[in-house]
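First the structure, in the form of structure tokens, and then the observations on it.
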Amino acid sequence: MNSWNDQARWEALCTGEACPICSRREPLDVVAKLEASWVTMQEAAPVPGYACLVSQIHAIELHDLPEPASSAFMRDARRVSRALTAVTGAVKLNYEIHGNSLPYLHMHFFPRYRGDQFEGQPIDPRLVAQPVYGPGEFRRIRDAFLLALDSPAGGPTQAPK
Ligand SMILES: [Zn+2]
């Protein structure tokens, strides 16, 4: 059942009255704070290099963000996409904004690889076999990503081995 089928709960999530992000003041697993958003990454990811961009302003739809924050959010998204491309060797990034469980504005970044489990279709996180990272690989990709985030040119083309 989707969160939106419990109307009272859905409204409390949307208004912020019962918003888990606002009540904690930030999301879980934050690895970086950018201009208008946080970046989160976790080892239990749907695909290596998965990251999520979470607005710092409680908003549901893109048009709910004030214009300066929405421009900053897109600048942050471009910064993340450049850095992820540089460090993961992904053949393509997939960007997804759903909010069907947690309506708070967040954007998923799924690096896609030749031969990945979902080639030819979107990632389905429910079908992912864990772990997706080899030993030490999460830390290596995350650290290279954080370096690349701070590099105007996007950093090295591959994470150091
Ligand atoms: Zn909130």
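Keep in mind the model is a prediction, meaning the values are calculated, not measured. As the structure lists them, so they are numbered: ligands from 1, and atoms in each ligand from 1.
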_ring pair (Phe, Tyr, Trp, His ring centres under 6.0 Å) partners of residues 41-61, not counting sequence neighbours, each pair once_ = Tyr50-His108, Tyr50-Phe110, His58-Tyr104
_Using every non-hydrogen atom in the two residues, find where Leu93 and Thr85 come nearest and quote the distance to one decimal._
CD1-OG1, 3.5 Å
*Donor-acceptor contact present, side-chain Arg112 to main-chain Phe118, <3.5 Å*: yes
*Going by heavy atoms in the side chains, are Pro48 and Thr88 under 4.5 Å from each other?*
no
_So that I can tick it off, tell me whether Glu35 and Arg75 are bridged by a salt bridge, with the cut-off set at under 4.0 angstrom between side-chain N and carboxylate O._
yes
_Neighbouring protein N, O or S atoms of the Zn ion (ligand 1) [cut-off: under 2.8 Å, no waters]_ = Cys19 SG, Cys22 SG, His58 ND1
*Taking 4.0 angstrom as the limit, do Asp76 and Lys33 come out as a salt bridge?*
no
